[in-house]
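Down below is the structure, laid out as C-alpha cells.
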Amino acid sequence: RPLSRPACSLGAPDVLFVDVDGGIAPCGAFADSVHPSLPALADRMPLPASTPASYKAECGSCHLAYPPALLSAGDWQRTMAGLKEHFGSDAAVDPKIGQEIGAFLERHAGNAGKLGSAGEPPHISQTAHFVREHRKIPAKFWQDPRVKSAANCEGCHRGAAEGRYSEHDIAIPELRR
C-alpha cells in the first residue's frame with residue numbers, strides 16, 4: 001500500500017508522517033518532485049508537536065484547533081488580525097498570546113498556491129483544497145444537525161481532533177466510502 005502525503009502536501013514543514021504499516025518519514029520525503037505518483041491526500045494532519053498550549057486553549061475552546069496547514073500564512077495573518085469580529089464573536093486574545101499563536105500558525109501554514117484563496121474573511125471551507133476534497137458531498141449534509149456547517153470537521157470526521165480526516169472513517173454512515 002503506498003504512503004499518502006499528509007499535511008506536507010499542503011506545505012507544512014517539520015511534520016513526521018507515520019503510515020498505516022508503521023513506516024516513518026519526514027514530510028519533505030514526499031515532495032512532488034520525489035514522489036510524483038503518490039496521491040496528494042491530507043487524511044492525516046495532526047497538530048505539530050510544537051503546538052503551543054495557548055493555541056489549543058484559546059482557539060480550541062470554541063472550535064477544533066485546526067491544523068495550521070489548512071490555511072496559508074497570509075490567511076492566518078488576516079484571521080488573527082480580525083479576532084475582535086471572528087465569525088460573529090469577539091475572540092480577541094492578549095497581545096502576547098496573539099503573537100505566540102500567530103507566529104505558530106504562520107510557521108506551520110500551508111502552501112497558498114496549493115490551497116487556493118480562502119476568501120475574506122478567510123474560511124478553510126472556501127479553499128480550493130477543501131472544495132476539491134468535499135466536492136461530492138451533497139449540500140443537504142452541510143445543514144444536517146449532525147454536521148451543522150462545513151466548519152465543524154468533527155461532525156463528519158471522527159478523528160479530526162487527532163488529525164485524522166480519512167474518508168473511510170466518517171461518522172455519518174451515508175457518507176462513508
Side-chain angles (χ1 to χ4, degrees), residues 3-18 24-36 38-87 89 91-135 149-154 157 159-166:
L3 297 174
S4 62
R5 290 175 292 167
C8 53
S9 68
L10 299 177
D14 77 349
V15 177
L16 289 179
F17 172 65
V18 180
I24 300 175
C27 279
F30 296 102
D32 290 340
S33 61
V34 178
H35 294 288
L38 290 178
L41 299 176
D43 60 354
R44 292 175 189 94
M45 197 180 309
L47 289 173
S50 63
T51 302
S54 60
Y55 178 64
K56 293 176 185 176
E58 294 291 343
C59 303
S61 68
C62 293
H63 55 71
L64 177 71
Y66 298 111
L70 291 175
L71 286 176
S72 69
D75 287 332
W76 283 122
Q77 289 168 355
R78 288 196 310 286
T79 298
M80 292 301 294
L83 289 179
K84 195 87 169 124
E85 296 180 22
H86 187 63
F87 300 99
S89 296
V93 296
D94 174 82
K96 184 178 178 183
I97 291 173
Q99 287 179 334
E100 177 185 46
I101 293 171
F104 161 74
L105 292 170
E106 290 176 44
R107 188 170 52 253
H108 296 282
N111 180 306
K114 291 184 179 184
L115 289 167
S117 172
E120 194 58 46
H123 289 75
I124 291 168
S125 60
Q126 290 182 4
T127 64
H129 171 75
F130 183 94
V131 171
R132 187 173 49 252
E133 291 293 321
H134 297 85
R135 69 188 175 277
S149 83
N152 182 20
C153 301
E154 294 169 300
H157 299 279
E162 293 81 37
R164 293 190 323 271
Y165 297 89
S166 173

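Positions are given from 1, in the same order as the sequence printed here.
- For the residue pair Ala109 and Trp76, the shortest heavy atom distance occurs at CB-CD1, 3.9 Å.
- Scanning all heavy atoms of the two residues, the minimum distance from Gly98 to Met80 falls at O-CE, 3.5 Å.
- Residues Ser117 and Asp75 are not in side-chain contact: their nearest non-hydrogen atoms beyond the backbone lie 4.5 Å or more apart.
- Two residues are said to be in side-chain contact when any heavy atoms from C-beta on lie closer than 4.5 Å; Phe104 and Ser54 fail this criterion.
- Closest of all the heavy-atom pairs between Cys59 and Ile101 is SG-CG2, 4.4 Å.
- The structure places CD of Gln77 at 11.5 Å from CG of Leu71, a figure rounded to the nearest 0.5 Å.
- Of the inter-residue distances, the one linking Ser50 atom OG with His108 atom NE2 reads 3.0 Å to the nearest 0.5 angstrom.
- For the atom pair Glu100 CD and Leu105 CG, the distance stands at 10.5 Å (nearest 0.5 Å).
- With contacts defined as side-chain heavy-atom distances shorter than 4.5 Å, the pair Val93/Leu83 qualifies.
- The aromatic rings of His63 and Tyr66 lie parallel to each other, with less than 30° between the two planes, well short of the 60° mark.
- Outside the 6.0 Å centre-distance limit, the rings of Phe130 and His123 are not counted as a close aromatic pair.
- In this structure, the separation between CD1 on Ile124 and NE2 on His129 is 10.0 Å, given to the nearest 0.5 Å.
- Remark: Leu115 CG to Gln126 CD distance equals 13.0 Å, nearest 0.5 Å.
- Heavy atoms of other residues, nucleotides or ligands lying less than 6.0 angstrom from CD of Glu85 number 12 at most.
- For the residue pair Ala57 and Ser61, the shortest heavy atom distance occurs at O-CB, 3.1 Å.
- One distance of note links CZ of Arg78 with OG of Ser72; it measures 6.5 Å at 0.5 Å rounding.
- Side-chain N or O atoms of Ser89 include none that pairs as donor or acceptor with a backbone N or O of Ala91 at under 3.5 Å.
- Using cut-offs of 30° and 60° for the angle between ring planes, the His157 and His134 rings count as perpendicular.
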